[in-house]
Amino acid sequence: MSLLENIRGPHDLKALDAEDLTELAEEIRHFLVHAVARTGGHLGPNLGVVELSIALHRAFDSPADRILWDTGHQSYVHKLLTGRQDFSKLRGKGGLSGYPSREESEHDVIENSHASTVLGWADGLAKANQVLGRWNRHVVAVIGDGALTGGMAWEALNNIAAAKDRPLIIVVNDNERSYAPTIGGLADHLATLRTTDGYERFLSWGKEALQGLPMLGKPLYESLHGAKKGFKDAFAPQGMFEDLGLKYLGPIDGHDIAAVESALRRAKRFHGPVLVHCRTQKGRGYAPALEDEADRFHTVGVMNPLTCEPLAPPAGRSWTSVFGDEMFRIGAERPDVVAITAAMLHPVGLTRFAEAYPDRVWDVGIAEQHGATSAAGLATGGLHPVFAVYATFLNRAFDQVLMDVALHKCGVTFVLDRAGVTGTDGPSHNGMWDMSILQVVPGLRIAAPRDADQLRAQLREAVDVDDAPTVIRFPKETVGDAIPALGRIGGMDVLGAPEDEDPQVLLVAVGAMAGVCLEAADLLAARGTPCTVVDPRWVKPVDEALPALADRHRVVAIVEDNSRTGGVGWAVAQALRDAGSDVPVRTFGIPEQFLPHAKRGEVLADLGLTPAEIAGRISAALARKEVREEAASPATTPAAAGTPRKARKENDA
């Protein structure tokens with residue numbers, strides 16, 4: 001058996017010698033490359049923390065000692081070292097999560113996949129240890145330099161440093177990157193620290209040389225030691241951390257297991273907050289990752305590990321690439337259009353725009369709140385900012401969208417990538433709350449394009465709005481075929497309508513669910529239930545023509561890949577009530593729960609968001625309505641039974 005196969009838990013690491021540990025690190029890298037190539041996942045970040053993860057589990061006793069990860073996508077090695085070596089279904093249905101998961105292991109404390117939160121968790125856990133007298137327990141927070149660009153991290157640091165007698169260890173995994181190279185003042189400061197590796201060696205040499213002098217050496221060393229702080233600030237300006245009250249150790253080679261373990265054990269002995277600064281290399285040990293300057297193979301799909309060629313090429317263009325190309329074209333036409341990203345320039349499709357217009361794009365780091373308010377300032381200054389961000393991460397900036405952007409009627413366009421069910425990244429990454437959260441924002445408009453053509457058109461409509469915020473949302477994966485409109489009612493596109501029959505069902509298709517709705521309409525038509533299918537295009541506000549259109553049908557059904565609570569279905573039902581319409585409304589969406597990781601199609605199927613399930617439930621609703629109508633009506637005669645539905649409705653009224 002290999003060394004890795006013999007690791008059933010962290011205790012198995014303690015008996016290994018230095019040579020074994022080096023071999024184990026090599027085995028882990030080989031395992032990661034081949035396992036992640038079969039399933040897809042976060043490869044580069046995990047290749048960079050192999051030695052760091054080994055040292056952590058040798059220096060501490062998990063789960064009694066709490067080891068927390070920020071963000072959790074760098075926890076694959078941690079999983080391997082805590083007995084989870086079946087990666088055959090990684091991020092797949094029934095398999096391991098791509099992030100820490102309490103359901104998987106007692107060694108996973110927080111399911112942390114939204115960055116910059118770990119120090120807040122660590123602060124709370126350390127306080128709990130102090131209050132409950134658990135002085136032999138340690139809390140260790142591993143945070144990347146990218147995550148340190150988030151404001152929450154610094155709010156937590158301010159509180160952590162205030163309690164100088166509360167043990168807490170912060171490990172900065174400094175690989176100069178989050179998704180892409182880390183930017184900003186913090187990045188510059190860490191870069192300065194990286195250039196001063198010789199400082200500690202110089203100080204150690206000076207101590208030994210002085211103390212070796214007879215008589216004079218020790219007093220001279222002690223007097224010079226008083227100047228240590230100023231000397232450090234001059235030659236190794238880690239004062240930013242020490243001035244906060246944090247003991248600083250580093251920088252340390254994060255790929256030297258012995259050096260990292262030694263630093264961590266020293267930190268354990270210090271009865272207060274300690275920051276251990278480890279330098280690592282994203283993609284370590286895998287040449288193709290190191291050659292990828294864009295993101296060092298941050299995330300990979302299913303691929304050949306030797307050639308890196310994809311084994312399952314995408315069936316078509318991604319929504320993200322359609323947005324990126326249209327944004328590039330708009331940039332050429334509109335010099336007032338600028339772009340903002342939160343540490344995800346490449347994943348959100350802004351690469352071409354940034355290359356063409358480098359002075360008109362800003363990466364604010366993992367700081368969505370700041371990004372939204374900065375966008376408000378840009379709009380007030382006469383520009384039109386487009387803030388491209390994953391839908392799940394806009395949740396973090398809700399207050400800024402509401403109070404800074406909307407209250408001030410700023411023309412800012414938020415482009416929400418990965419909206420709806422994202423699937424394999426699990427519960428934290430599903431963009432299933434945006435249309436609920438944003439419903440309450442006065443003046444804000446939301447567009448949900450159904451295809452690539454509509455994405456291009458609605459993006460242009462959005463950037464033409466200069467007195468209110470606009471939102472464009474689209475899902476992960478590939479764009480389907482174009483779905484042409486048969487006509488338009490108000491601002492809504494009619495996608496399907498019966499030719500000769502009086503329609504019974506109005507299907508309101510939200511965004512990428514349009515194809516599903518058209519298939520459901522075909523199934524209903526085959527059962528003798530003709531349907532009208534409309535795409536509202538702009539789902540907030542509800543189109544003024546919708547209530548009148550709804551009154552021409554027996555049932556209205558809204559299909560969305562968003563939470564049913566407060567979503568588009570809720571807004572349509574409210575609009576119908578406000579208009580005095582009593583047409584029954586059925587909403588098809590995501591229930592109020594966190595969804596397990598699986599492929600998007602599998603999750604949608606489990607939720608019943610398939611054509612067959614939707615058609616079946618609508619048919620059942622119509623049947624129940626028929627029964628209620630029959631029970632509520634006077635005894636029918638053959639003549640009454642033959643009365644057209646519209647006339648019966650008028651008679652009932």
[X] side chain to [Y] main-chain N or O, any donor-acceptor pair under 3.5 Å?
| X | Y | value |
| --- | --- | --- |
| Thr392 | Ser428 | yes |
| Glu560 | Val568 | yes |
| Asp108 | Ser101 | yes |
| Arg552 | Pro503 | no |
| Asp145 | Asn175 | yes |
| Asp123 | Ala156 | no |
| Asp543 | Gly491 | yes |
| Glu111 | Arg102 | yes |
| Tyr357 | Pro335 | no |
| Lys540 | Val441 | yes |

Dump the intermediate steps for salt bridge (Lys or Arg N to Asp or Glu O under 4.0 Å) on Glu333 and Arg460, then the final yes or no.
CA-CA 11 Å; Glu333 302 164 15; Arg460 288 180 175 273; 2.8 Å; yes
Counting only heavy atoms not in Asp578, do more than 12 fall under 6.0 Å of its CG?
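For Asp578, atom CG is crowded (more than 12 foreign heavy atoms under 6.0 Å).
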Exceeds 12 heavy-atom contacts within 6.0 angstrom, atom NZ of Lys409:
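No, because the 6.0 Å sphere around NZ of Lys409 holds 12 heavy atoms or fewer from other groups.
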Which heavy atom of [X] sits nearest to which heavy atom of [Y], and what is that distance?
| X | Y | value |
| --- | --- | --- |
| Thr424 | His597 | O-CB, 3.6 Å |
| Leu350 | Ala388 | CD1-CB, 4.0 Å |
| Arg450 | Ala514 | CB-CB, 3.9 Å |
| Tyr390 | Pro347 | OH-CB, 3.4 Å |
| Pro469 | Val405 | CB-CG1, 3.7 Å |
| Tyr99 | Gly72 | CD2-C, 3.5 Å |

Stepwise side-chain contact (heavy atoms from CB on, under 4.5 Å) test for His298 and Lys282:
CA-CA 8 Å; His298 182 85; Lys282 190 173 182 177; 2.9 Å; yes
Distance-only donor-acceptor hits, side chain of residues 505-512, under 3.5 Å, sequence neighbours excluded:
none

Partners meeting salt bridge (charged side-chain N to carboxylate O under 4.0 Å, His left out) with Arg577 (sequence neighbours left out)
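With sequence neighbours excluded, Arg577 shows a salt bridge (charged side-chain N to carboxylate O under 4.0 Å, His left out) to no residue whatsoever.
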Can you measure from [atom1] ([X]) to [atom2] ([Y]) and round to the nearest 0.5 angstrom?
| X | Y | atom1 | atom2 | answer |
| --- | --- | --- | --- | --- |
| Thr373 | Glu368 | OG1 | CD | 12.0 Å |
| Gln439 | Asp434 | CD | CG | 10.0 Å |
| Ile472 | Ile446 | CD1 | CD1 | 10.0 Å |
| Lys599 | Thr422 | NZ | OG1 | 14.5 Å |
| Ser116 | Arg396 | OG | CZ | 5.5 Å |
| Arg473 | Leu394 | CZ | CG | 11.0 Å |

Do you see a donor-acceptor pair shorter than 3.5 Å between the side chains of Thr380 and His408?
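Absent: no donor and acceptor within the cut-off.
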Is the closest side-chain donor-acceptor distance between Glu155 and Asn159 under 3.5 Å?
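No.
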List the residues meeting side-chain contact (heavy atoms from CB on, under 4.5 Å) with Leu407, not counting sequence neighbours, and say none if there are none.
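Once residues adjacent in sequence are excluded, the partners of Leu407 under the side-chain contact (heavy atoms from CB on, under 4.5 Å) criterion are Met403.
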Who pairs with Leu604 by side-chain contact (heavy atoms from CB on, under 4.5 Å), at least two apart in sequence or on another chain?
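Checked Leu604 against side-chain contact (heavy atoms from CB on, under 4.5 Å); matches are Val421, Arg600, Leu609.
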Test salt bridge (Lys or Arg N to Asp or Glu O under 4.0 Å) on Asp535 and Arg537; report intermediate values, then the result.
CA-CA 5 Å; Asp535 170 14; Arg537 300 186 75 250; 5.5 Å; no
Given side-chain contact (heavy atoms from CB on, under 4.5 Å), test Met492 with Leu549 step by step and report yes or no.
CA-CA 11 Å; Met492 299 179 292; Leu549 179 62; 4.0 Å; yes
Contact between [X] and [Y] at the side-chain level, heavy atoms closer than 4.5 Å - yes or no?
| X | Y | result |
| --- | --- | --- |
| Met435 | Leu416 | no |
| Leu378 | Phe387 | no |
| Gln504 | His553 | no |
| Leu455 | Glu326 | no |
| Phe474 | Val415 | yes |
| Val109 | Pro100 | no |
| Pro611 | Leu518 | no |
| Val118 | Val142 | no |

Selection residues 340-354 - residue pairs positive for salt bridge (Lys or Arg N to Asp or Glu O under 4.0 Å), sequence neighbours left out:
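Of all non-adjacent pairs touching residues 340-354, those that pass salt bridge (Lys or Arg N to Asp or Glu O under 4.0 Å) are Asp325-Arg352.
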Any chance you could lay out the side-chain contact (heavy atoms from CB on, under 4.5 Å) test for Ile170 and Leu157, step after step, and finish with the verdict?
CA-CA 10 Å; Ile170 301 167; Leu157 278 173; 3.6 Å; yes
Throw together a table of side-chain donor-acceptor distances under 3.5 angstrom for residues 585-596, partners on residues two or more places apart or in other chains.
from: Thr587; atom 1: OG1; to: Arg564; atom 2: NE; distance (Å): 3.2
from: Thr587; atom 1: OG1; to: Arg564; atom 2: NH2; distance (Å): 3.3
from: Glu592; atom 1: OE1; to: Thr565; atom 2: OG1; distance (Å): 2.8

Give the C-alpha distance, both sets of side-chain angles, the deciding distance and a yes or no for side-chain contact (heavy atoms from CB on, under 4.5 Å) between Asp70 and Met152.
CA-CA 12 Å; Asp70 193 341; Met152 275 192 68; over 6 Å; no
Classify the ring geometry of His114 against His429: parallel below 30°, tilted from 30° to 60°, perpendicular beyond 60°.
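If you compare the ring of His114 with that of His429, the planes turn out perpendicular.
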Could you go through Arg418 and Asp425, starting from their C-alpha distance and side-chain angles, then the distance that decides it, and tell me whether this counts as salt bridge (Lys or Arg N to Asp or Glu O under 4.0 Å)?
CA-CA 10 Å; Arg418 274 72 163 175; Asp425 279 329; over 6 Å; no
